[in-house]
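FYI, side chains are in, hydrogens and waters are out, and symmetry mates aren't considered; it's all heavy atoms of this structure. We name chains A, B, ... by the order of the sequence lines, and we start the count at 1 in each one.
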Amino acid sequence: MTQKDATQSAGLSEPERVELLRTMIRIREFEDMVGESYLRGHTAGSMLHLSVGEEAVAAGIVKAMAPEDVFTTHHRGHGVFLARGADPMRMFAEVFGKSVGYCKGKGGSMHIADIQLGHMGANAIVGANIPISLGGGFSLKYRDVPGVSVAFFGDGAINQGVLYESMNMAALWKLPVVFAVVNNQYGMGTRVDQASASLAFAERAETFGVKGAEVDGMDVEAVYGAADALLRYSREGNGPSLLVANAYRFYGHGRKDPSPYRTKEEEAKWKARDPIALFRDRLVTEGVITAERSERIGAEAVTEMEEAAAVAVTQADPAPEELYTDVFAEEL
Amino acid sequence: MREIAYREALREAIYEEMEQDENVFVIGEEVGRYGGAYAVTRGLIKEFGARRLVDAPISEASTVGLGIGAAITGLRPIVELMYVDFVPLAMDQIATQMPKLRYMTGGQLKIPMVLRTQGGTGRSAGAQHSQSLEAYCVHTPGLRVVMPATPADAKGLLKSAIRSDDPVVFIEHKALYARKGAVPEETCTIPLGKARISRSGSDVTIVTYSRMVLIAEEAAGALEAEGISAEVIDLRTLSPMDMDAVSASVGKTKRAIVVTEAHKTAGMSAEIAARITESNWTDLTAPVVRIAAKDVPVPATHLEKLSIPSVDEIVDAAKTLCGE
Ligand SMILES: Cc1ncc(C[n+]2csc(CCOP(=O)(O)OP(=O)(O)O)c2C)c(N)n1
Ligand SMILES: [Mg+2]
């Protein structure tokens, strides 16, 4: 599939397009705010990986997902979960280590999840969520549920062995699995071409019998179009697919990483294609929204996130007894 | 009571659980058409079809991961790793995913999954197919670890493991598959986490599990002829460990020998001995004796036997402990 086809197949209504913009802006504001909180020492954990710059990938793919779909994410998963409908207050609370957090404060930034929303877990071992999503797809097919299982992971996971094991099994058994590669060009300080001899990831997938596609991850409608086509393909029983969405990590690997391994020119080049600005300008040019309305959406998101963070920060820490709960489902 | 082999007992457990719960399925290398490397699942594919007896490629990590994902989303997978020696290939999924996802998500995720595998010596299979790696799993909170010695325990514990809502690593022993023993006809489960006194005695407690129970029993028989009454405790479940049973026994006998087929250094025998020392320090008349596999890779051929605990070693240790 070419990038052009994907854009054309998007076909979203005007309200849907505005909501897509809102989702991206909310992700940006959440990430900026949680980053600020981190710098101010409100967060419980030492690790914070922000998805600023990758909003179009999260919003576009999640937009194509259905309620019965399940998914896992990597350590940079806030955006995906927010797009899926997470409550920002409980997300902040989780990052702040509070008991009302999604995981009672036991997961932290890298493990925020809610199974009620189909989130099978955010994973901090690069690539480890891939086989777990394979299992989600196996289970959907086994139970005859018409859903799709989506694994979100970074370019760094592209060279983990489990991806190839999992792609093979997904293709072998025609499982409804979408391998969603958030290619933000770096795994920590290693540029994607410094880790992979061939960058033809979609072609790699094709050799496994997995339908491959690549898309401009800064163009939310292109991402949506590509994801929609692949999710449909899997939902209709045709088997797995792999989508490479090319984007850029605007912050460093962690919030405090100054990214000395990349050039200012490169950063400027990508930031000039900021996925939010790109889409907002398109909507304004096409007369879908006014500049004022888009600013209002931005202001609303700022207020929402400020309030959510302010509420979260006052919540109680987990009781000491919580240390021992949730290890097992059953006592012996 | 009828007698059936350990492997048949296991097969019955899988059959019964699959029959009564549509969500139970088996996945692993050669489990379907081939019938399992040690024939545990033989014939089951005829009963349940390839949908529920899934022949996996040689991809241990992703097969275990698949089981985890399937368990999270409502199925009850029985994942078979052909040898416990392949646990390290899937170690991330086994030690870092399966036991932690529930805790990390504040109790949201349930992982009702059994990882069946088999280990130990007895077939001269060489250093890469004869290991006893249970400590790798026992070391990790969030896993149940079960190692049955008898056909009845194999069946009853496997049924409990399949019904458990938590991940259970179920390690069978390759040298026990053909051994027969009494197994009740009617369906019965055996609770996880409970040890079994396999032989009562009053002078010395031998704590062990899996195939070493047989060796310990043999030693106890020989000791009886010499006037020493040994109690043999089969732990059956290593995690959690039934220290109440062990401690009560040592409280009575005042002497303890721990026997494992696993290596001695930083292995299960060290853990068990340390716990006995903590719980029964004032009862003990002498330090706990550990008899474990020699700290060498398991050799093939006739050397294999020399690397693991023998009846004679146990007898000698018991005699020394009892002051003879
Ligand atoms: C198996 C494993 N190896 C190494 C790490 C350390 N690590 C954490 S994130 C990361 C880079 C991952 O890059 P990528 O997959 O592209 O995700 P991104 O951080 O770019 O979103 C590394 C090496 C890890 N967490 N897990
Ligand atoms: Mg990356």
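Neither the backbone nor the side chain of B/T237 comes within less than 4.5 Å of any heavy atom in chain A. In this structure, the portion of B/I27 lying under 4.5 Å from any heavy atom of chain A is its side chain and not its backbone. When heavy atoms are compared at a cutoff of 4.5 Å, A/S133 does not approach chain B at all. When heavy atoms are compared at a cutoff of 4.5 Å, A/S99 does not approach chain B at all. Contacts between B/D242 and chain A at a heavy-atom distance below 4.5 Å are absent for every atom of the residue. For a residue to count as touching a neighbouring chain, one of its non-hydrogen atoms must lie under 4.5 Å from one of that chain's; by this rule A/I112 does not touch chain B.
Side chain of B/Q108 to main chain of A/Y102: a donor-acceptor pair is present (N/O by atom type, distance under 3.5 Å, no hydrogens or angles). Side-chain N or O atoms of B/Q97 include none that pairs as donor or acceptor with a backbone N or O of A/A128 at under 3.5 Å. In terms of modelled atom types and a separation under 3.5 Å, the side chain of B/D166 and the main chain of A/E330 share a donor-acceptor contact. Of the possible donor and acceptor atoms, none in the side chain of B/Y103 sits under 3.5 Å from a partner among the backbone N and O of A/Y324. A donor-acceptor pair under 3.5 Å is formed between the side chain of B/S62 and the backbone N or O of A/V162.
Other residues, nucleotides and ligands contribute at most 12 non-hydrogen atoms within 6.0 Å of the CD atom of A/E331. Counting non-hydrogen atoms of neighbouring residues, nucleotides and ligands closer than 6.0 angstrom, the CD atom of A/E68 exceeds 12 such neighbours. Counted within 6.0 Å of CD1 on B/I58, heavy atoms from surrounding residues, nucleotides or ligands total 12 or fewer; the atom is thus considered open. Within 6.0 Å of atom OH in B/Y136, 12 or fewer heavy atoms from other residues, nucleotides or ligands are found, so the atom counts as exposed in its surroundings. Counting heavy-atom neighbours within 6.0 Å of B/R163 CZ, excluding the residue itself, gives a total above 12.
Annotation for B/P141 and A/V327: closest pair C-CG1, 4.5 Å, computed over non-hydrogen atoms. In plain terms, the two heavy atoms of B/D165 and A/A329 that are nearest each other are CB-CB, 3.7 Å. Contact record, A/W173 with B/V54: CZ2-CG1, 3.5 Å, taken as the closest heavy-atom pair. When every heavy atom of A/A113 is checked against every heavy atom of B/T105, the shortest pair comes out as CB-CG2, 4.4 Å. Considering every non-hydrogen atom in both A/M169 and B/S59, the closest pair reads CE-CB, 3.6 Å.
Once rounded to the nearest 0.5 Å, the distance linking CD1 of B/I68 with CG of A/L134 reads 11.0 Å. Atom SG of A/C103 and atom CE of B/M104 lie 8.5 Å apart (nearest 0.5 Å). In this structure, the separation between OG1 on B/T73 and CZ on A/F138 is 10.0 Å, given to the nearest 0.5 Å. Note that the CD1 atom of B/I72 and the OG1 atom of A/T72 stand 9.0 Å from one another [nearest 0.5 Å]. To the nearest 0.5 Å, atom CG of residue A/N129 and atom CG of residue B/L101 are 10.5 Å apart. Within the model, atoms CG of A/D114 and CG of B/L109 stand 9.5 Å from one another, a figure rounded to the nearest 0.5 Å.
Every residue two or more places apart in sequence or in another chain was checked for a side chain to side chain donor-acceptor pair (under 3.5 Å) with B/T189, and none qualifies. Every residue was checked against the side chain to side chain donor-acceptor pair (under 3.5 Å) condition with A/S241, not counting sequence neighbours, and none meets it.
Proximity to chain A at a heavy-atom threshold of 4.5 Å picks out B/D92, B/Q93, B/T96 from residues 88-96 of chain B, in numerical order.
Among residues at least two apart or in separate chains, there is no ring-ring contact (aromatic ring centres under 6.0 Å, His included) pair with a member in residues 49-68 of chain B.
With a 4.5 Å cut-off on side-chain heavy atoms, B/R51 and A/Y142 count as touching.
Annotation: maximal heavy-atom pairing with chain A below 4.5 Å, among B/P240, B/A70, B/P167, B/G107, occurs at B/A70. Counting heavy-atom pairs under 4.5 Å between each of B/K110, B/E60, B/R144, B/K100 and chain A puts B/R144 at the top.
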